[in-house]
Amino acid sequence: MTSHDLDSEFQLGPLRLPNRLVMAPMTRNRAGAGNVPTGLVARYYAQRASAGLIVTEATQVAPEGVGYPGTPGIHSREQVAGWRPVTDAVHGAGGRIVLQLWHVGRISHPLFQPGGVLPVAPSAIAPEGQLYTPGGMKPYVAPRALETDEIPGIVAQFRQGARNALDAGFDGVELHGANGYLPDQFLRDGTNRRTDAYGGTVENRARFLLEIATALIDVWGADRVGVRLSPSGTFNDMKDSDPLQTFEYAVRALDCQGVVYVHLVEGGEAEIRHGGTIVPTERLRPLFRRALIVNGGYDRQRAEEVVGGGKADMVSFGRLFLANPDLPRRLRTGAPLNAPDPDTFYGGDAKGYTDYPALSA
Ligand code: 8OZ
């Protein structure tokens, strides 16, 4: 198999992608005051415009959806205005960029919440562990379980986020349905003990995710909406009693809705160590007719194998894209890769953000 496969074009809905390499969504905590993206954010994404597709860092759709410092939002006018230079810069550099829409649910703390109230979730179950807050490290609290009649309001926040993404000049949106945030908290039974239409059966647990997807499709059309899922993920203290059944149902339902891609965070040794069950991608691939993006520590060889063998259409890279603004060129030519620096992943300034060198012309 040659690297030509990763370098081949792909038609993703109306978007013609020049290659199969996706920049994975990565939280970098460099938004400015008011959770507004800065010019530095525009520079960072524009440097990476040779990706087939850029998926932005997770971006909250509401003030209540925040659980980390310095993450961008898409709910205020200032935030929409702050994203516009980002999309202009990426488009000016020849790229394509979709916004990842996010609500953290229980992965928050009163210190992040307007009015200091409890964060919301499907059920009042605290995650194990601690989080970094404006007041230092704190144990997670038990969230407040959403009332049934509050749920349409949260779906509406996602819908407004999608509209705002349109105004900000994005090429589409990705619903963050992965990694233990609010839609995933509804989907998996370790975090959802509801007895209403949003809990119990897998059909009910998937309802919130699917209602959001429907709202995003209303705004964008299905061929500009993707959904990210983490069927094997244990991050943020996630569990499910039957992940294969849960995620087979979710992927089938998303296929029926017609979303243009599913973006899978694949499981590995870390998830097994944390007691997780690996849902093999091969079990989900046949259930979804449109594009499949896979993610999980891929290197060039494994990416070539998975795309070349037709197991996925595209591969997303996190750390490698963070450290190599010209990753497609480097993979194409076999050039050496810059090593990512974990000390500058989350927060800070240009160091470890926009100062990773590209190959010289
Ligand atoms: C790392 C640190 C903070 C947030 C995710 C949005 O896991 C995240 C995230 C990752 O999806």
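Order of appearance sets the numbers: ligands from 1, and atoms from 1 within every ligand. No experiment lies behind these values; they were computed from the predicted model shown.
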- side-chain contact (heavy atoms from CB on, under 4.5 Å) between Val120 and Gln113: does it pass, once the steps are laid out? CA-CA 10 Å; Val120 296; Gln113 294 293 313; over 6 Å; no

Could you give the N/O to N/O pairs under 3.5 Å linking ligand 1 and the protein, each with its distance?
| from | atom 1 | to | atom 2 | distance (Å) |
| --- | --- | --- | --- | --- |
| ligand 1 | 7 (O) | Asn179 | ND2 | 3.1 |
| ligand 1 | 11 (O) | His176 | NE2 | 2.7 |
| ligand 1 | 11 (O) | Asn179 | ND2 | 2.8 |

- Would you kindly say whether His176 and Asp184 are connected by a side-chain donor-acceptor distance under 3.5 Å? no

- Determine yes or no for a side-chain-to-main-chain donor-acceptor pair under 3.5 angstrom, with Asp223 supplying the side chain and Val260 the backbone. no

- Reported OG1-to-CG distance for the pair Thr87 and Leu99, which is rounded to 0.5 angstrom: 10.0 Å

- Would you say the side chain of Asn19 lies within less than 4.5 Å of the side chain of Leu6, judging by non-hydrogen atoms? no

- Task: Test ring-ring contact (aromatic ring centres under 6.0 Å, His included) on Tyr68 and Trp102 and set out the steps.
- Result: CA-CA 12 Å; Tyr68 304 88; Trp102 191 35; 5.7 Å; yes

